[in-house]
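Worksheet for the structure shown next.
For this chain, numbers begin at 1 and follow the sequence in order. Just the heavy atoms: all of them, side chains too, but no hydrogens, waters or symmetry mates, feed the values below.
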Amino acid sequence: MGSLSPVHWMIVLVVLVLLFGAKKLPDTAKAVGQSLRILKRETGKLGDEDDAPAARARTAPVSPDAEERLRALEAENARLRAAGDAARRDEPEVR
């Protein structure tokens, strides 16, 4: 019951020929094949793009300027968190 018998395939083929015509069927099959190739190529590129930044990040050296900026951002983050915590302590509770 799970697979189609040759008779079923013949019925499907006859219906396709009746719907699309004998001349358009090869063109339609060609267009579907090209679409599948493009889809396969583009999905392969997505995987390559996902892997590329991680590989560059592991091998790229960190410049001293970047380290200084990172330290400054971490200090600013700590300062803002402390200010936010202090502001929350000073606010009256709303119920």
Side-chain angles (χ1 to χ4, degrees):
M1 189 81 190
S3 65
L4 296 175
S5 69
V7 174
H8 291 115
W9 283 111
M10 290 299 292
I11 293 172
V12 168
L13 183 63
V14 168
V15 168
L16 286 174
V17 169
L18 289 175
L19 285 176
F20 296 109
K23 290 185 179 184
K24 286 192 177 185
L25 206 54
D27 294 337
T28 305
K30 181 180 177 183
V32 168
Q34 287 175 345
S35 299
L36 289 175
R37 279 194 296 275
I38 291 170
L39 179 67
K40 186 176 180 180
R41 185 175 56 232
E42 293 298 323
T43 56
K45 286 181 184 178
L46 288 176
D48 295 342
E49 290 173 1
D50 289 343
D51 295 340
R56 281 194 302 263
R58 281 181 264 146
T59 59
V62 178
S63 68
D65 292 337
E67 289 178 4
E68 289 175 20
R69 281 185 273 161
L70 179 60
R71 281 192 214 104
L73 287 172
E74 287 173 345
E76 179 71 14
N77 187 17
R79 187 186 66 74
L80 289 172
R81 284 181 190 239
D85 291 342
R88 279 193 290 275
R89 283 190 299 254
D90 294 340
E91 288 180 3
E93 272 189 45
V94 178
R95 290 189 180 200

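- Using a 4.0 Å cut-off between charged side-chain N and carboxylate O, K30 and D27 make no salt bridge.
- In the hydrophobic clustering of ILVMFWY residues, with side-chain heavy atoms under 4.5 Å counting as a link, V32 and L16 come out apart.
- Transitive grouping of hydrophobic side chains (ILVMFWY, heavy atoms separated by less than 4.5 Å) keeps W9 and L13 in distinct clusters.
- The pair E76-R79 counts as a salt bridge, with a side-chain nitrogen and a carboxylate oxygen less than 4.0 angstrom apart.
- Taken from CG in L70 to CG in N77, the straight-line distance is 10.5 Å, to the nearest 0.5 Å.
- Under a hydrophobic clustering in which Ile, Leu, Val, Met, Phe, Trp and Tyr are joined whenever their side-chain heavy atoms come within less than 4.5 Å, directly or via other members, V17 and M10 fall into different clusters.
- Separating the CG atom in L25 from the CG atom in L18 is a distance of 10.5 Å, to the nearest 0.5 Å.
- With respect to the salt-bridge test (charged N to carboxylate O, under 4.0 angstrom), the residues E74 and R71 do not qualify.
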